[in-house]
Amino acid sequence: MAKKPKNAISPTRSENYPEWYQQVVKAADLAETSDVRGCMVIKPWGYAIWENIQRKLDTRFKATGHENAYFPLFIPMSFLEKEAEHVEGFAKECAVVTHHRLEPDPDGGLRPAASAKLEEPLIVRPTSETIIGATFARWLSSYRDLPILINQWANVVRWELRTRMFLRTTEFLWQEGHTVHATEAEAVEETRQMLDIYAEFAEDTMAMPVIKGEKTAGERFPGAVATYSIEAMMQDRKALQAGTSHFLGQNFAKAQEIKFQDQAGQEVFAWTTSWGVSTRLVGGLIMTHSDDDGLVLPPKLAPAQVVILPIYRNDDERTEVLEYCESLKSDLTAERFDDEPVRVRIDDRDLRGGEKKWQWVKRGVPLRLEVGPRDVAAGYVSAARRDVGGKGEPVERNAFVAGVAKLLGECQQALFDRALKAREEVTVSIDSLEEFEKYFTPKDADKPELHGGFAHCHFVEGPEMEAKLKSLKVTARCVPLDGEEEAGTCIFTGQPSTRRGIFAKAY
RNA sequence: CGGGCUGUAGCUCAGCUUGGCUAGAGCGCUGCGUUCGGGACGCAGAGGCCGGAGGUUCAAAUCCUCUCAGCCCGACCA
């Protein structure tokens, strides 16, 4: 008799959260480490989730007038030098291409050929503001060309020293929107519109509650005038920046000569924005909903929303049960959820039933249906929900089909409600430095328990705050956009302040 | 780039201190059988230049030197 662990994932979240995260990624078959340091292989199940994220976001981008395009992977090094802050921000983490040919080396291996050294090194894009800006400069000559609303789905490389699956990898997949506008007001509006779209997507589709806010100067995107983000709270009480939208002012326009003739015939600089979300969202999804039995997927993003597990003992039963399952699948697929046909999968692999069931539990499929000869005879299915756990309940087949969309909607809502409740439980208002320090200091420093959360505090940015945050490993997440004006005192300096910011430990 | 650690089967590791039998275990994989509304069990089997190079020795996974790779803790970050 093998040991029967109570949970499918070991260790549990409370035992060792970072290790739990790695185990969920593995158990759910989302991704694995690759032969390239810091880079991951995204496996079919994980990639299917990303594809769903892409599709849902892409629809929103198109609905707001954006078009997709594609720009080069390589950026001439000189381009990066044009915007001073931008260089400083990214120079330390760039992969650089210096040669275009290999030759045999004396040891029987290969080496870059000295004769094939590039005149100017190419940078593998860490982000594309510069190359896209240079392109936009050519596209733009008249106010009639504006606005330019472009999005690109791409991979980027940032040579991070410390990587974690989905949350921070050397190469990652993302989308970057880049727009050009005639006026400041219009560019600001675009920046805010895209932030709203990200927030709506996160909450509606990912069932992940987020706080919209503006980044402090210290956390701003290199080269931006203002950076906005959506901030989510993970189950280990650490914050995750889940999406950013930048108002770039005229900084990049001036650096790259993005200008046009206005209606008065004057040559003026344009106003630009950029915004993006990445495969990091998958990490956020995992850490928002999953439990000690593995991944829990919100129905709107699940590659399969319903999995049917046929149960039979012999070929006769197999034929009968599979036929029933196929018809069930066909009826379920005819139902619609979130404006799409319900996604159904029959798992008829030659595996033991229990093992199969647990695989789907760990992969986070919202609804599992077990169908055996007894169900076939009675016209029933045995249905189990992933988000609430527990065993399957017998349900009349047609009733289940008729109610599947509603049920998926309930699962989706339940996940959001649960995540929101969890966030509220770790959100506090703090008015003294002493209290702040206590909130962010684990009781046991050697084996830190889960601690911290979102702390709303009055603050005035400056060296005192920087130093204190650094020593506590806390970061300023954002100043919430829906926060209210309120007279207060900065907990770091005692200076007067009018708004609270959110502080948290973060990924 | 500093400080700690690890490279042995597909995966997780034992063996190294004190050199010596045919290099091991668990999981996974393959086959057969018994089970089976369920993460089962039994039997049989496949799978290793012990990270790489050099050295010491009658003899090296084990000792020495060099080298490569990876992990953890800092500094940096979507």
Side-chain angles (χ1 to χ4, degrees), chain A residues 1-10 18-19 22-23 26-27 32-38 88-94 107 109 125-127 154-164 166-176 198 215 218-222 227 229-232 239-246 274-284 293-294 309-314 317 321 347 350-362 368-378 380-384 391-394 446 448 470-471 473 475 506-507:
Chain A
M1 182 87 176
K3 271 172 278 177
K4 258 197 191 165
K6 206 165 152 200
N7 302 107
I9 302 297
S10 175
E19 180 60 23
Q22 301 287 2
Q23 292 303 324
K26 190 173 168 188
E32 62 190 29
T33 53
S34 72
D35 297 319
V36 183
R37 179 205 154 89
E88 203 182 323
F90 288 106
K92 284 170 284 185
E93 50 190 38
C94 284
D107 302 327
R125 63 181 165 217
T127 180
N155 56 339
V156 288
V157 167
R158 294 183 191 176
W159 212 267
E160 305 285 357
L161 299 176
R162 182 111 163 66
T163 59
R164 296 192 68 190
F166 289 110
L167 297 171
R168 178 166 294 109
T169 46
T170 301
E171 177 190 15
F172 58 97
L173 305 181
W174 78 344
Q175 95 7 251
E176 48 181 326
Y198 286 156
K215 285 288 188 187
E219 301 278 331
R220 206 174 277 152
F221 176 75
T227 287
S229 72
I230 51 171
E231 299 286 331
L240 182 78
Q241 177 174 306
T244 49
S245 187
H246 314 290
S274 69
W275 29 274
V277 298
S278 71
T279 34
R280 171 177 251 205
L281 286 179
V282 178
D293 283 329
L309 305 171
I311 295 160
Y312 48 80
R313 271 177 252 200
N314 52 50
E317 284 184 357
V321 168
D347 185 356
D350 180 22
L351 283 180
R352 295 184 51 74
E355 192 180 345
K356 229 194 282 195
K357 168 195 151 179
W358 279 101
Q359 283 187 10
W360 292 109
V361 169
K362 288 184 280 193
R368 293 189 313 280
L369 299 183
E370 294 165 8
V371 174
R374 291 210 291 273
D375 296 301
V376 175
Y380 268 62
V381 296
S382 171
K391 292 203 68 161
E393 298 288 334
D446 293 331
K470 193 162 187 177
S471 72
K473 292 184 181 172
T475 55
Y507 279 96

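Lettering of chains follows the sequences in order, A, B, ..., and the numbering in each one begins at 1. What's counted below: heavy atoms across the whole structure, side chains too, no hydrogens, waters or symmetry copies.
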Using a 4.0 Å heavy-atom cut-off, does [X] contact any base of the nucleic acid, only the sugar-phosphate backbone, or nothing at all?
X	value
A/Ser278	base
A/Leu167	base
A/Phe172	base
A/Thr170	nothing
A/Glu355	sugar-phosphate
A/Lys362	base

Tell me which nucleotide among [options] gets nearest to the side chain of [X].
X	options	value
A/Lys26	B/C11, B/A78, B/G39	B/C11
A/Lys473	B/C36, B/G74, B/G37	B/G74
A/Gln241	B/A78, B/G37, B/A40	B/A78
A/Lys470	B/A75, B/G39, B/G37	B/A75
A/Trp358	B/G39, B/C11, B/G74	B/G39
A/Pro373	B/G37, B/C76, B/C11	B/G37
A/Arg374	B/C11, B/G37, B/G39	B/G37
A/Ile311	B/A75, B/G37, B/A78	B/G37

Find out whether A/Thr227 and A/Glu219 are in side-chain contact, i.e. whether some heavy atom of one side chain is under 4.5 Å from a heavy atom of the other. no
Tell me, do A/Glu32 and A/Lys26 make a side-chain contact under 4.5 Å, heavy atoms counted? no
[N] to [M] separation - [atom1] atoms, rounded to the nearest Å:
N	M	atom1	result
B/G51	B/G15	P	15 Å
B/C27	B/A44	P	14 Å
B/G7	B/C50	C1'	10 Å

[X] [atom1] to [N] [atom2], straight-line distance once rounded to whole Å:
X	N	atom1	atom2	result
A/Arg352	B/G28	CZ	P	12 Å
A/Lys356	B/C36	NZ	P	17 Å
A/Asn314	B/U35	CG	P	14 Å
A/Glu317	B/C36	CD	P	12 Å

Between A/Tyr198 and A/Gly276, is there a donor-acceptor pair closer than 3.5 Å when you use the side chain of the first and the backbone of the second? yes
Test of understanding: with salt bridge (charged side-chain N to carboxylate O under 4.0 Å, His left out), list the residues that count as partners of A/Asp293, not counting sequence neighbours. none
Checking [X] now: which residues fulfil side-chain contact (heavy atoms from CB on, under 4.5 Å) with it, not counting sequence neighbours?
X	answer
A/Ser229	A/Lys215, A/Glu231, A/Gln241, A/Thr244, A/Cys478
A/Ser382	A/Glu370
A/Ser34	A/Val36, A/Cys39, A/Val41
A/Glu160	A/Glu93, A/Arg158, A/Thr163, A/Arg168

The dot-bracket string of RNA chain B, counting Watson-Crick and G-U wobble pairs with both distances under 3.5 Å, using [ ] for crossing pairs and | for pairs to another strand, is (((((((..((((......[...)))).((((((.....)))))).....(((((..]....))))))))))))....
